[in-house]
Q: 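Handing you a structure now.
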Number of protein chains: 2
Amino acid sequence: MPVEPDPVLPLLWRHVVPQEAEAPRRGPRQRLTLDRIVDDAIALADEEGLAAVSMRVLARRLGIGAMTLYTYVDNRSDLVVLMVDQVVGRRDLPPMPGTLRERLRLVADVQLADCREHAWLLDVTGVRPWLGPHVGDRYEWQLSAVEGVGLDDVEMDQTVTLVVGFAANVARSEHAVRAAEKESGVSDLEWWEANAGPLGEFTAHRDYPLAGRVGQAAGEAYQAGTDPARELSFGLERILDGIEAYVSSR
Amino acid sequence: MPVEPDPVLPLLWRHVVPQEAEAPRRGPRQRLTLDRIVDDAIALADEEGLAAVSMRVLARRLGIGAMTLYTYVDNRSDLVVLMVDQVVGRRDLPPMPGTLRERLRLVADVQLADCREHAWLLDVTGVRPWLGPHVGDRYEWQLSAVEGVGLDDVEMDQTVTLVVGFAANVARSEHAVRAAEKESGVSDLEWWEANAGPLGEFTAHRDYPLAGRVGQAAGEAYQAGTDPARELSFGLERILDGIEAYVSSR
DNA sequence: CATTTGTTCCGTACGCCGTACGAGATTGTG
DNA sequence: CACAATCTCGTACGGCGTACGGAACAAATG
């Protein structure tokens with residue numbers, strides 16, 4: 001059985017390929033644009049999380065019937081794909097600075113900023129990469145940071161993946177705390193105040209010499225929250241050291 | 001309003017603290033053990049994914065009524081917390097080898113293996129870390145890899161986070177492909193065969209000099225799938241280079 | 001012994017979810 | 001004008017988590 005082309009692709013690339021959208025179609029005009037719908041879906045996800053973007057809630061927000069959404073989009077997961085590409089396309093990508101180190105730092109900063117502003121991006125799974133034009137633009141821009149430094153093609157991809165993945169992990173750990181607070185309705189600090197006692201009784205039955213000491217230090221450092229960039233910097237600098245060493249060794 | 005202690009904690013630590021579980025309780029004995037329930041939930045998640053672990057389906061698998069599950073667990077998210085700690089506790093942790101590099105490689109390998117065998121771990125979000133005894137054991141073990149090399153406490157945590165997070169990202173990218181295949185019912189290869197044409201028409205309207213070249217090379221390298229460890233090695237070795245350089249510079 | 005009390009078990013029901021289906025309204029085409 | 005295609009959207013189905021209440025049961029109490 002042959003596989004049909006994915007119907008979400010023409011939607012993703014709708015602004016790149018003007019196509020025959022100009023041909024007048026029968027029936028009433030659509031009252032909304034797909035851009036408007038996806039923008040509202042993004043706003044909703046920013047405010048309430050990806051799970052809150054249900055077809056009914058989004059439709060009500062847009063002032064249309066729930067099923068009307070399905071005349072714009074085949075299903076919910078296609079909508080999420082469109083959201084990702086559209087939100088990635090919003091950021092205009094600064095020109096690459098001079099040194100490799102500065103370039104990769106910029107790549108990480110941009111990724112972290114996007115994931116912080118749209119934490120639901122971290123919840124998007126099961127999407128084939130490299131689908132939409134803006135994601136393509138982003139990948140192209142990221143690769144331009146490591147072009148011409150002596151890496152082969154596969155290594156370029158792996159380097160970008162490494163840096164971008166690390167930035168996403170930083171955002172993910174931040175997001176995990178917020179998500180837990182939101183789900184339970186209890187702030188992180190309140191939770192620890194209420195549970196330090198019971199937890200202490202339990203851990204007393206086991207030995208956690210390192211975890212106890214280090215966990216506390218890391219928790220305080222995080223709680224102090226001096227520089228939000230601080231969490232990023234240690235890991236990122238180690239990664240960049242490793243990449244620079246590799247590049248200059250060739 | 002004071003916050004109550006989290007009722008999932010006694011469940012998590014039930015095997016560590018024998019507590020008053022021995023006291024005979026009124027009413028009929030519970031027909032199942034919590035361990036059995038969580039084990040079945042883990043098996044179900046391994047087979048069908050975390051989303052397939054619904055209270056009804058799990059209860060049917062266990063041969064009990066759906067609502068009976070709530071006499072063992074307060075709610076579904078508590079069940080997931082128990083699943084995580086229990087599955088993390090299954091692996092027995094090998095002793096740490098001699099060099100820092102070997103140690104961190106082992107930490108990464110173990111993390112990757114767990115995430116590959118139980119890909120649903122990557123879907124677990126909103127869980128406060130450091131909750132259960134086995135997660136604590138794991139963290140203790142991971143920290144022992146970087147103990148005594150000259151890092152301060154916060155740096156030890158960041159180093160472990162860096163390595164573990166990278167291994168998880170490798171598993172995540174593998175999982176993303178499988179998840180997309182499962183959701184759409186179309187294998188990755190089939191999808192690209194069916195969509196290479198349309199996608200080519202779209203990308204022809206835009207310039208992706210690097211992304212086109214590198215994406216193809218990376219895709220082929222992945223498709224060839226020579227050594228599964230290969231994907232891990234490049235990024236991990238760069239990270240370890242960076243960590244070693246930092247450690248020896250102090 | 002009988003009664004009370006706290007548990008376990010679980011059927012029913014409510015309000016969510018994604019979405020299949022089909023009826024009516026609206027528009028361009030022959 | 002009639003026809004055909006398209007948009008809009010109410011209804012409905014099967015899933016989800018889980019609140020609630022009743023029945024069965026076993027230990028504590030009289």
Side-chain angles (χ1 to χ4, degrees), chain A residues 7-8 10-11 19-34 36-37 41 44-45 48-83 120 123-126 182-185, chain B residues 7-8 10-11 20-34 36-37 40-41 44-45 48-83 120 123-126 182-185:
Chain A
V8 79
L11 294 182
Q19 65 194 13
E20 71 285 354
E22 315 307 338
R25 285 179 299 183
R26 295 186 174 178
R29 297 269 157 75
Q30 291 193 298
R31 307 211 308 229
L32 267 42
T33 65
L34 188 49
R36 165 82 198 287
I37 291 173
L44 191 54
E48 313 276 353
L50 192 59
V53 182
S54 77
M55 302 302 266
R56 278 175 248 252
V57 170
L58 178 59
R60 193 171 317 131
R61 184 186 176 114
L62 290 161
I64 61 177
M67 293 312 292
T68 307
L69 272 178
Y70 288 92
T71 63
Y72 295 85
V73 166
D74 269 11
N75 50 56
R76 184 179 184 274
S77 61
D78 280 7
L79 174 68
V80 174
V81 170
L82 295 172
M83 289 168 65
W120 51 270
D123 296 330
V124 177
T125 60
K182 181 174 183 176
E183 187 181 316
S184 65
Chain B
V8 78
L11 294 183
E20 71 285 355
E22 316 306 337
R25 284 180 300 183
R26 295 184 174 178
R29 297 270 158 74
Q30 291 194 293
R31 307 210 308 228
L32 269 40
T33 65
L34 188 49
R36 166 81 198 289
I37 290 172
D40 262 40
L44 192 53
E48 312 277 352
L50 191 59
V53 182
S54 77
M55 302 302 265
R56 279 176 247 253
V57 170
L58 177 59
R60 193 171 317 132
R61 184 186 175 115
L62 289 160
I64 62 177
M67 294 311 292
T68 306
L69 272 178
Y70 288 93
T71 63
Y72 295 85
V73 166
D74 269 11
N75 48 56
R76 184 179 185 273
S77 62
D78 279 7
L79 174 67
V80 174
V81 170
L82 295 172
M83 288 167 66
W120 51 270
D123 296 330
V124 177
T125 60
K182 182 174 182 176
E183 188 182 316
S184 66

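Hydrogens, waters and symmetry mates play no part in the numbers below; they use all other heavy atoms, side chains included. In what follows, chains are A, B, ... by sequence order, proteins preceding strands, each numbered from 1. No experiment lies behind these values; they were computed from the predicted model shown.
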Q: Does anything in residues 68-75 of chain A come within less than 4.0 Å of DNA chain D? Heavy atoms only, and list the residues if so.
A: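 Close to the strand are Thr68(A), Thr71(A), Tyr72(A).
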Q: Hey, can you pull the residues of residues 51-61 of chain B with a non-hydrogen atom under 4.0 angstrom from DNA chain D?
A: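 Output list: Val53(B), Ser54(B), Met55(B), Arg56(B), Val57(B).
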Q: Working to the nearest 0.5 Å, report the span between OH of Tyr72(B) and OG1 of Thr33(B).
A: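 Between atom OH of Tyr72(B) and atom OG1 of Thr33(B) there are 8.0 Å.
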Q: Over how many whole Å does the gap from Ile37(A) atom CD1 to dT8(D) atom C1' extend?
A: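 To the nearest whole Å, that distance equals 12 Å.
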Q: dT26(C) P sits how many Å from Gln30(A) CD, rounded?
A: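 Going from CD in Gln30(A) over to P in dT26(C) covers 16 Å.
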Q: When rounded to the nearest 0.5 angstrom, what is the spacing between CG in Asp123(B) and CG in Asp123(A)?
A: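 Result: 9.5 Å between the selected atoms.
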Q: Only counting residues at least two apart or in another chain, list the ones meeting side-chain hydrogen bond (donor to acceptor under 3.5 Å, both in side chains) with Ser184(A).
A: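 Checked Ser184(A) against side-chain hydrogen bond (donor to acceptor under 3.5 Å, both in side chains); matches are Arg128(B).
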Q: Round to a whole Å and report the spacing from CG of Leu32(B) to C1' of dC10(C).
A: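 Distance check: Leu32(B) CG to dC10(C) C1' gives 14 Å.
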Q: Look up atom CD1 in Ile37(A) and atom CG in Leu82(A), then write down how far apart they are to the nearest 0.5 Å.
A: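 Result: 10.0 Å between the selected atoms.
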Q: If you compare all heavy atoms of Leu50(B) against all heavy atoms of Arg76(B), which two are closest, and at what distance to 0.1 Å?
A: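 Heavy atoms only, the tightest pair is O-NH2, 2.8 Å.
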Q: Drop me the distance from Leu11(B)'s CG to Leu79(B)'s CG, to the nearest 0.5 angstrom.
A: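 Result: 10.5 Å between the selected atoms.
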Q: Can you see which heavy atom on Ala59(A) is nearest to which on Ala66(A), and at what distance?
A: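 Smallest interatomic distance, heavy atoms only, reads CB-CA, 3.5 Å.
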Q: Whole Å only: how far is the CG atom of Leu62(A) from the C1' atom of dT8(D)?
A: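 Atom CG in Leu62(A) sits about 14 Å away from atom C1' in dT8(D).
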Q: Just by protein heavy atoms under 4.0 Å, how would nucleotides 20-30 of chain D read 5' to 3' in B, S and -?
A: B----BBSS--
Q: What is the distance, rounded to the nearest whole Å, between atom CG of Leu50(A) and atom C1' of dG18(C)?
A: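 Spelled out: CG on Leu50(A) to C1' on dG18(C) is 14 Å.
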Q: Starting at CZ of Arg60(B), measure out to OG of Ser54(B) and round the result to the nearest 0.5 Å.
A: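 Arg60(B) CZ to Ser54(B) OG: 7.5 Å, rounded to 0.5 Å.
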Q: Can you measure Arg76(A) atom CZ to dC16(C) atom C1' for me and round it to whole angstrom units?
A: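 Arg76(A) atom CZ is separated from dC16(C) atom C1' by 13 Å.
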Q: Holding to side-chain contact (heavy atoms from CB on, under 4.5 Å), I want the full list of residues that pass it with Asp78(A), two or more places apart in sequence or in another chain.
A: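 Per chain and number, Asp78(A) pairs via side-chain contact (heavy atoms from CB on, under 4.5 Å) with Val8(A), Val73(A), Asp74(A), Asn75(A).
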Q: Who passes salt bridge (Lys or Arg N to Asp or Glu O under 4.0 Å) against Arg36(B), sequence neighbours left out?
A: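 For Arg36(B), the residues satisfying salt bridge (Lys or Arg N to Asp or Glu O under 4.0 Å) (neighbours in sequence not counted) are Asp40(B).
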Q: Is there a side-chain contact between Met67(B) and Met55(B) in this structure, where contact means two heavy atoms from C-beta onward sitting under 4.5 Å apart?
A: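 A side-chain contact under 4.5 Å is absent here.
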